[in-house]
Novice: 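If you scroll down you'll find the structure; I have some questions about it.
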Amino acid sequence: MVKYKSKEKLTFMEKDNSRSLHQLKLGQTAQIKEIHTDAKMTEKLAAMGIVRGQFITRKPGSSPVVLSVSGTEVAIGRETAKKILVASKKNTFLLAGNPNVGKSLIFSRLTGIGIISSNFPGTTVGLNYGQTQFDGESYDIIDIPGLYRLEEEWVIEGRKRNLFKELEYDFIVCVADASHLERNLYFLLEIMQLKKPVILLLNKFDEAQRKGIQIDVKQLEKLLGIPVIAAVATTGEGLKELAYQASRIAARKTPESSFHVPPTPEGKWHAIGHIIHKVQTVKHKHASFWEKLQGWATTPASGLPIALLVLVASFFLVRFVGENIIALLDPLYEGYYVPFLERLLAPIKDNALGMILLGDGGANYFGVLTDGLHIALIEVMSYVLAFYALLGFLGDLGYLPRLAVLLDSLLHKIGLHGYGALPIMLGFGCKVPAVMGIRVLETRRERIIALALILVLAPCISQTAMIISILSPYGLKYMLIVFFALFINGILAGTVLNKLMKGETPELFMEIPSWQIPQIRPLLRKLWIRMKEYLGDALPLILVGVVFVDLMQLSGITNWIARLARYPVEYVLGLPAETTSLLILGFLRKDVSIALLKPFSLAPQALVVACVFMAMYLPCVATFFVMLRESGWKDTLKVIALTLTLSFVTAFVLRMILM
């Protein structure tokens with residue numbers, strides 16, 4: 001199999017793969033496009049059937065090049081072969097199916113391209129393109145988002161698309177969940193109405209068997225008149241059979257299905273009932289504790305306490321892992337990396353460039369190569385790594401959709417449905433991936449409300465750790481006041497936006513998958529992919545932000561802003577004027593700005609006011625730039641104006657009550 005990079009853009013994939021005949025791989029079939037030999041050689045080639053438009057197959061032999069033409073083997077010189085351009089015979093197929101059937105994992109196994117697959121729907125939010133080879137032939141694969149209906153449209157790059165009508169493909173591999181065959185067959189019947197060749201891949205066949213579900217694959221294949229394959233994507237079982245059946249379709253060796261698909265939904269369900277009766281048997285099994293726990297996790301009476309327990313345990317686990325990673329890496333940074341850089345850049349240490357690259361320990365400047373990398377690769381990434389590992393575990397377990405169901409009624413009151421809980425949960429770890437996660441929400445209205453909640457509802461994990469650290473000497477009361485104030489502001493922000501913005505909140509419509517035991521290899525693969533995304537998105541933005549803040553300091557803009565801001569800091573927040581510089585620092589590093597409150601020896605009441613304000617007033621620089629990219633500058637500024645207003649009002653009210 002050949003690995004190619006994934007692309008997310010709606011363009012037709014090229015059907016030709018031009019190369020010289022000499023570059024054609026052994027066993028590959030191709031069509032001759034151009035012949036650039038002299039006239040005499042062109043005539044000789046034509047006499048042997050080697051002309052434009054002719055199909056040829058490469059045979060063993062490199063000098064001379066041996067090929068099969070019209071049933072005859074012909075040998076030609078290497079230099080001549082290099083002058084003949086051919087287009088590889090290539091087939092394109094769609095990887096389609098309902099949400100949460102395992103398409104993304106199958107795509108990754110076929111192509112080697114790393115994309116995230118999880119045990120909850122909506123993982124694929126764009127198109128993934130890749131390529132593989134079956135029996136020496138190249139196949140383009142298009143992995144499309146999970147759909148329930150053929151006419152369902154998907155928003156890609158801001159426009160609604162009907163993928164089956166707009167994409168160009170030769171056949172369809174319909175992936176179905178074998179443990180929910182009856183529900184999955186409806187989409188299959190709609191696909192069969194396209195009159196394109198179809199392969200049915202019954203994924204999660206092992207899970208179906210564990211549940212006592214027996215499926216007669218041969219009988220199902222006979223009834224539908226299409227190839228049906230039992231598969232287990234996690235182990236790769238069934239993919240060799242997929243290669244064989246795809247090759248048969250490419251060679252036009254599979255007969256057209258004679259199955260009559262009823263035109264109406266009622267007729268389709270009637271036909272599905274008849275098929276299930278013929279091919280599926282279910283052995284009665286008593287519900288296990290694991291299955292009972294799935295029900296308890298969705299019922300409000302038991303589900304809410306379980307959710308609270310999971311969230312509290314998750315917080316302490318992420319904090320424990322993150323702090324230990326930092327404790328492991330910090331000595332290496334301080335003891336080896338920083339001294340090495342200081343020796344290397346000693347000649348420029350005291351000039352402007354040196355200040356930008358190395359900084360001065362944070363007194364006035366933050367170094368791109370010191371503080372910037374320390375922030376991104378040690379302090380923030382440690383918590384992000386721990387959070388993503390936990391999120392991947394809960395996602396593969398199948399718990400996240402149940403949490404979305406539990407929170408649906410609450411989130412509806414503030415303009416979101418339960419599915420909006422997923423990006424908000426990401427925000428408890430790091431705001432950058434949380435903002436990226438709003439892509440799964442359907443409307444601009446929902447995305448703006450989700451942005452406000454992400455910024456206000458709770459600080460990221462590193463901020464949370466600093467808030468707990470600075471307030472823990474004064475008891476639990478003050479910590480609870482901070483987090484309660486943030487929670488109330490999140491609800492208030494969502495409520496205000498829900499009232500002001502026109503439109504209705506869509507009803508929740510999502511599949512609740514069965515729980516399954518997460519497997520180590522897919523978890524590690526997913527963690528690796530997400531960390532690469534973090535490094536690609538957040539690291540450059542943090543470094544740009546460091547340079548931006550340093551340039552503001554060099555130009556005197558920081559001091560000018562500090563002079564303007566000291567009055568609201570003193571008279572609205574009730575904080576010392578000297579803390580104004582920390583608010584500017586907070587745009588780059590909120591957690592550090594909160595930690596630097598300690599030397600001011602503030603009373604716990606003043607610390608509460610400062611922590612609440614700093615957690616809310618502005619997003620960090622990395623989040624800000626990601627917001628610009630995801631939502632545009634207008635929506636970004638609107639959300640920031642709201643959060644800044646709420647932060648001043650809340651801090652002033654807390655000051656009046658506490659101080």
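Just so it is clear, the values below take in all heavy atoms, side chains as well, and ignore hydrogens, waters and symmetry mates. Computed from a predicted model, the values in this text were never measured in an experiment.
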Novice: Would L575 and E570 count as a side chain to side chain contact (heavy atoms under 4.5 Å, CB included) here? Give the steps.
Specialist: CA-CA 5 Å; L575 299 175; E570 281 188 286; over 6 Å; no
Novice: V609 and L573: which non-hydrogen atoms are nearest, and at how many Å?
Specialist: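 The answer is CG1-O, 3.6 Å.
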Novice: Looking at CD1 of I594 and CG of L607, how far apart are the two atoms once the value is rounded to the nearest 0.5 Å?
Specialist: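 Reported to 0.5 Å precision, the distance equals 10.5 Å.
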Novice: For Y333 and T370, indicate whether the former's side chain and the latter's backbone hold a donor-acceptor pair under 3.5 Å.
Specialist: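 Answer holds: yes.
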Novice: Hey, is CG on L564 packed in by over 12 heavy atoms from elsewhere, all under 6.0 Å?
Specialist: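 Atom CG in L564 is packed in, count exceeds 12.
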Novice: Is the Y617 ring parallel, tilted or perpendicular to the F613 ring (thresholds 30°, 60°)?
Specialist: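 Ring orientation, 0 to 90° scale: parallel.
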Novice: When you measure from the side chain of R655 to the backbone N and O of Y571, does any donor-acceptor pair fall under 3.5 Å?
Specialist: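 Flag set: sc R655 to bb Y571 pair under 3.5 Å.
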Novice: Side chains of I454 and I438: closer than 4.5 Å at any heavy-atom pair?
Specialist: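 Yes; the side chains approach each other to less than 4.5 Å.
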Novice: Heavy atoms, side chains only, cut-off 4.5 Å: are L554 and I356 in contact?
Specialist: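 Yes, side chains in contact.
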Novice: Go through L385 and L527 one step at a time and tell me if the side chain to side chain contact (heavy atoms under 4.5 Å, CB included) criterion holds.
Specialist: CA-CA 8 Å; L385 178 70; L527 182 61; 3.8 Å; yes
Novice: How far apart are the C-alpha atoms of M616 and L455, what are their side-chain angles, what is the distance that settles it, and do they pass the side chain to side chain contact (heavy atoms under 4.5 Å, CB included) test?
Specialist: CA-CA 7 Å; M616 289 174 53; L455 296 185; over 6 Å; no
Novice: Could you check whether atom CZ of F487 has more than 12 heavy atoms from other residues, nucleotides or ligands sitting under 6.0 Å from it?
Specialist: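 Check fails, neighbour count at 12 or below.
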Novice: Side chains of V608 and M479, heavy atoms from C-beta outward: is any pair under 4.5 Å?
Specialist: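 No, every pair of side-chain atoms sits at 4.5 Å or beyond.
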Novice: Testing the basics here: between L406 and L304, what is the closest heavy-atom pair and its distance to 0.1 Å?
Specialist: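 So the minimum-distance heavy-atom pair works out to CD1-N, 4.2 Å.
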Novice: Quick check for you: to the nearest 0.5 Å, what is the distance between L500 atom CG and I448 atom CD1?
Specialist: 11.0 Å
Novice: With F648, which of T645, T650, L644, L646 fulfils side-chain contact (heavy atoms from CB on, under 4.5 Å)?
Specialist: L644
Novice: Please check if the side chain of S631 supplies one atom and the backbone of L628 the other of a donor-acceptor pair under 3.5 Å.
Specialist: no
Novice: Find the distance between OG (S647) and CE (M614) and round it off to the nearest 0.5 Å.
Specialist: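 Between atom OG of S647 and atom CE of M614 there are 11.5 Å.
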Novice: Contact between N324 and L328 at the side-chain level, heavy atoms closer than 4.5 Å - yes or no?
Specialist: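 A side-chain contact under 4.5 Å is absent here.
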Novice: Just by distance, do the side chain of N498 and the backbone of G494 share a donor-acceptor pair under 3.5 Å?
Specialist: no
Novice: Tell me the closest heavy-atom pair linking L377 and L329, and the distance in Å.
Specialist: O-CD1, 4.4 Å
Novice: Using every non-hydrogen atom in the two residues, find where I470 and Y474 come nearest and quote the distance to one decimal.
Specialist: O-CE1, 3.7 Å
Novice: I want to check something: taking the side chain as every heavy atom from C-beta on, are I491 and L453 in contact at a cut-off of under 4.5 Å?
Specialist: no
Novice: Enter the distance from L147:CG to N98:CG here, rounded to the nearest 0.5 Å.
Specialist: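 If I round to the nearest 0.5 Å, the distance is 8.5 Å.
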Novice: Before giving the answer on side chain to side chain contact (heavy atoms under 4.5 Å, CB included), spell out for W633 and M627 the whole-Å C-alpha distance, their side-chain angles and the decisive distance to 0.1 Å.
Specialist: CA-CA 8 Å; W633 67 272; M627 287 173 64; over 6 Å; no
Novice: Tell me if a side-chain donor or acceptor on T636 pairs with a main-chain N or O of G632 at a distance below 3.5 Å.
Specialist: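 Yes; judged by distance alone, with no hydrogens or angles, the pair exists.
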Novice: To check you understand the geometry: which heavy-atom pair defines the closest contact between I326 and S382, and what is its length?
Specialist: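 Closest heavy-atom pair between I326 and S382: CG1-OG, 3.5 Å.
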Novice: Can you tell me how far CG of L471 sits from CZ of F483, rounded to the nearest 0.5 angstrom?
Specialist: 8.0 Å
Novice: Is a side-chain N or O of R566 found less than 3.5 angstrom from the main chain of T580, in a donor-acceptor match?
Specialist: no
Novice: Side-chain contact, heavy-atom cut-off 4.5 Å: L457 with N489?
Specialist: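 The answer is no; the side chains never approach within 4.5 Å.
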Novice: For residues Y478 and C611, determine if any side-chain heavy atom of one lies less than 4.5 Å from a side-chain heavy atom of the other.
Specialist: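 Y478 vs C611: side chains apart.
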Novice: Donor-acceptor pair, K103 side chain versus I144 backbone, under 3.5 Å?
Specialist: yes
Novice: For the CD atom of E446 and the CG atom of L411, what is their distance to the nearest 0.5 Å?
Specialist: 10.5 Å
Novice: Over all heavy atoms of both residues, which pair between V612 and A485 is shortest? Give the atoms and the distance, please.
Specialist: CG2-CB, 4.2 Å
Novice: Counting distance only, does the side-chain N/O of T623 pair as donor-acceptor with the main-chain N or O of P619 below 3.5 Å?
Specialist: no
